[in-house]
Amino acid sequence: MLQIPFIRDNKERIIANLAKRNIDATEMISEVINLDEARRTTQAQLDNTLAEANSLSKEIGNLYKSGETQKANILKEKSGQLKELSKELTETLNEKSEALSQLLYKIPNVPNDSVPAGSTEDDNEEIFRAGDIPTLYDGAVPHWEIAKKYDIIDFELGNKITGAGFPVYKGKGARLQRALIAYFLDKNTAAGYTEYQLPLMVNEASGYGTGQLPDKEGQMYHVTADNLYLIPTAEVPGTNIFRDVVLNESDLPIGITGYTPCFRREAGSYGAHVRGLNRLHQFDKVEILRVEHPENSYKALDGMVDHVKSILEDLKLPYRILRLCGGDLGFTSALTFDFEVFSTAQDRWLEISSVSNFETFQANRLKLRFKNKEGKNELAHTLNGSSLALPRVLAGILENYQTEKGIVIPDALVPYTGFSIID
RNA sequence: GGAGAAUUGGCAGAGUGGUCGAAUGCGGCAGUCUUGAAAACUGUUGAGGGUCACACCUCCGGGGGUUCGAAUCCCUCAUUCUCCGCCA
């Protein structure tokens, strides 16, 4: 959520940069400003009314004390009128505030100046590429066939137990999953991130805190009996650690990592591109999150990018990094770098990590602040990234490491799997 | 799930209808003293809205109510603790 004073002061810049998301925010922005003005006017009227009522109450109290009941009763009547007036004003105020926050919830974060304009993923800007795309043997196949061939992932069984998008990993497949999780967590904690194990369901306030609500209402599984949501990413419980928190400046930066399953309804996505592990309702992910001083957040973002790079280099997977264009940028993000692994057998790039700086957009909703040098509370910056999302890394490994003899496990993972080939 | 108790500023903790945005202690910050530090002493120190700045308004777990007036009384929800029940 954008801050109102920021909107007031940066109207043109906001509109110009939101245009990169293909949004014409002119009307919304001026409506925000109008509503805010109306809100403030009403607030001032209400304040004055309440001030009058307060002093009247004091007077009445004094009159009672001195036994002047008659006079007190006269003032009581006046007080009743003020009460009525304040009720009306409160109602107006609530309406304005509600309308204002509803509107603010709908305005996405302002893209960073470096974000290219564009509407689809084709407009994303490739900024880095590394790793060799292997030449596969003649019998190479996509991962869903590999999974069947070696009996390591059973999609049909998942269909039976739950439904499409809930695969069952077995044997070496399950072990490989566990190995990846352990390896990622070790890698992250070695880089200074503190490991957390987080709730897999969150309440409504947390959903709003990180911006999934109301924007992605329909994309989360909702446990209606208790009004809880299954997390679509560890970002939600992880970032909400800091909801309504005032940190000391010396607490910054904070880095945390956690493994969680993620649940996404993925309403509306069907077709060949969602085959196998490419798009699931339940998948595993290890996440990294940072809380940073506003001055350092972009440096921290680069640090996160380097960290994810080092993981992919350990795994020796061919990958590229994209700077997302405005149209592809998430609602809450100011700047996002996507990592994609090349799936040789599918002949396409698969997104495996998304590293973003949210600046104060989440912090404003969360009320995540720190006491700055002047002793004032200032919004912190939040960042997060996947390191990494499991299914597509798994797909990448299965497809890029397939040989006639079987799937060769990347050296970095062997200590975790306890085996070096799936055959 | 049942019964009881509780929820106050960064923390601890007083406050049961008006003079309470709230005693006191700890912590934080600034100063005195000191070569420096510690100790001691002095001052200062919640958040949000509003204003050029004041004024002023709101906030004592959340929401609602009673009252001229609520941290204080009532209702409701959440959370915590104790006891009972159930249970991986």
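First the proteins, then the strands, lettered A, B, ... as listed; each starts at 1. Fair warning: this is a prediction, and the values are worked out from it, not measured in the lab.
Distance check on atom C1': B:rG36 versus B:rA53 gives 41 Å, rounded to whole Å. Nucleotides B:rG49 and B:rG43, compared at atom P, are 31 Å apart to the nearest Å. For the P atom pair drawn from B:rC29 and B:rA38, the interatomic distance equals 10 Å after rounding to whole Å. To the nearest whole angstrom, the two P atoms, one in B:rU24 and one in B:rU45, are 12 Å apart. Remark: the separation of the C1' atoms in B:rA71 and B:rG61 is 12 Å, to the nearest Å. Spacing between B:rG85 and B:rG48 at atom P, rounded to whole Å, works out to 48 Å. Nucleotides B:rC20 and B:rA6, compared at atom P, are 25 Å apart to the nearest Å. Of the C1' atoms belonging to B:rG13 and B:rG25, the separation is 8 Å, rounded to the nearest Å.
The separation between A:Leu228 atom CG and B:rC77 atom P is 17 Å, rounded to whole Å. We find that NZ of A:Lys87 is positioned 9 Å from P of B:rU67, with the value rounded to whole Å. The interatomic distance linking A:Asn372 (CG) with B:rG28 (P) rounds to 19 Å, in whole Å. In this structure, A:Glu249 atom CD and B:rC29 atom P are separated by 13 Å, rounded to whole Å. A:Arg243 places its CZ atom 18 Å from the P atom of B:rG61, with the value rounded to the nearest Å. Separating the CG atom of A:Leu89 from the C1' atom of B:rG50 is a distance of 15 Å, rounded to the nearest angstrom. In this structure, A:Glu204 places its CD atom 14 Å from C1' of B:rC77, rounding to the nearest Å. For A:Leu368 and B:rA47, the CG to P distance is 16 Å, given to the nearest whole Å.
Between A:Tyr193 and A:His307, the angle of the ring planes lies from 30° to 60°, which puts this pair in the tilted group.
A:Lys316 NZ: 12 or fewer foreign heavy atoms inside a 6.0 Å radius. With a 6.0 Å radius and a threshold of 12 heavy atoms from other residues, nucleotides or ligands, A:Glu125 has its CD atom above the threshold. Residue-environment remark: NZ (A:Lys187) exceeds the threshold of 12 foreign heavy atoms within 6.0 Å. Within 6.0 Å of atom CD in A:Gln3, more than 12 heavy atoms from other residues, nucleotides or ligands are found, so the atom counts as buried in its surroundings. The number of heavy-atom neighbours closer than 6.0 Å to CG of A:Asp411, taken from other residues, nucleotides and ligands shown, is 12 or below.
A distance-only check finds a donor-acceptor pair linking the side chain of A:His281 to the backbone of A:Arg264 [under 3.5 Å]. At least one donor-acceptor pair closer than 3.5 Å links the side chain of A:Asp123 to the backbone N or O of A:Thr120. With hydrogens and angles disregarded, a donor-acceptor distance shorter than 3.5 Å links the side chain of A:Gln402 to the backbone of A:Val141.
The only member of A:Asn94, A:Leu93, A:Asp47 that meets side chain to side chain contact (heavy atoms under 4.5 Å, CB included) when paired with A:Thr42 is A:Leu93.
When each of B:rG48, B:rU19, B:rC68 is scored by its nearest atom to the side-chain atoms of A:Arg369, the top-ranked nucleotide is B:rG48.
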Identify each donor-acceptor pair in which a side-chain atom of residues 160-175 of chain A lies under 3.5 Å from a protein atom, sequence neighbours left out, and give them as a table.
residue	atom	partner	partner atom	Å
A:Lys170	NZ	A:Asp151	OD1	3.1
A:Lys172	NZ	A:Ile421	O	3.0
A:Arg175	NE	A:Tyr416	O	3.4
A:Arg175	NE	A:Thr417	O	3.3
A:Arg175	NH2	A:Tyr416	O	3.2
A:Arg175	NH2	A:Thr417	O	3.3

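For A:Lys376 and B:rU45, the shortest distance from a side-chain N or O to OP1 or OP2 is not below 4.0 Å. Taking 4.0 angstrom as the limit, A:Arg39 places none of its side-chain polar atoms (N or O) nearer than this to OP1 or OP2 of B:rG49. Phosphate proximity of B:rU51 to A:Arg40: present, with a side-chain N or O under 4.0 Å from OP1 or OP2.
When both distances must be under 3.5 Å, the Watson-Crick or G-U wobble mate of B:rG85 does not exist. In this structure, B:rA70 makes no Watson-Crick or G-U wobble pair, since no nucleotide meets both defining distances under 3.5 angstrom. The pairing partner recorded for B:rU80 is B:rA5, the criterion being a Watson-Crick or G-U wobble arrangement whose two distances lie under 3.5 angstrom. When both distances must be under 3.5 Å, the Watson-Crick or G-U wobble mate of B:rU19 does not exist. B:rG50 is unpaired under the Watson-Crick or G-U wobble criterion, no partner having all donor-acceptor distances under 3.5 Å. B:rA30 is paired with B:rU42 under the criterion used here, namely a Watson-Crick or G-U wobble arrangement in which both key atom distances are under 3.5 Å.
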task = Show the numbers, then the answer: is there a side chain to side chain contact (heavy atoms under 4.5 Å, CB included) between A:Val291 and A:Phe370?
result = CA-CA 10 Å; A:Val291 181; A:Phe370 66 95; over 6 Å; no
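At the heavy-atom level, A:Asn377 lies under 4.0 Å from the strands shown only through sugar-phosphate atoms.
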For nucleotides 69-73 of chain B, tabulate all protein N/O to nucleotide N/O atom pairs closer than 3.5 Å, reporting atom names and distance.
residue	atom	partner	partner atom	Å
B:rG69	O4'	A:Ser57	OG	3.3

Considering only nitrogen or oxygen atoms on both sides, find all protein atoms under 3.5 Å from nucleotides 53-60 of chain B and state each distance.
residue	atom	partner	partner atom	Å
B:rC57	OP1	A:Asn54	ND2	3.1
B:rC57	O2'	A:Asp47	OD1	2.8

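Toward the 5′ end of RNA chain B lies the nearest nucleotide of A:Asn62, the other residue of the pair A:Asn62 and A:Ala53 mapping further downstream. Checking A:Lys65 against A:Asp36, the closest nucleotide of RNA chain B that is more toward the 5' end is the one next to A:Lys65.
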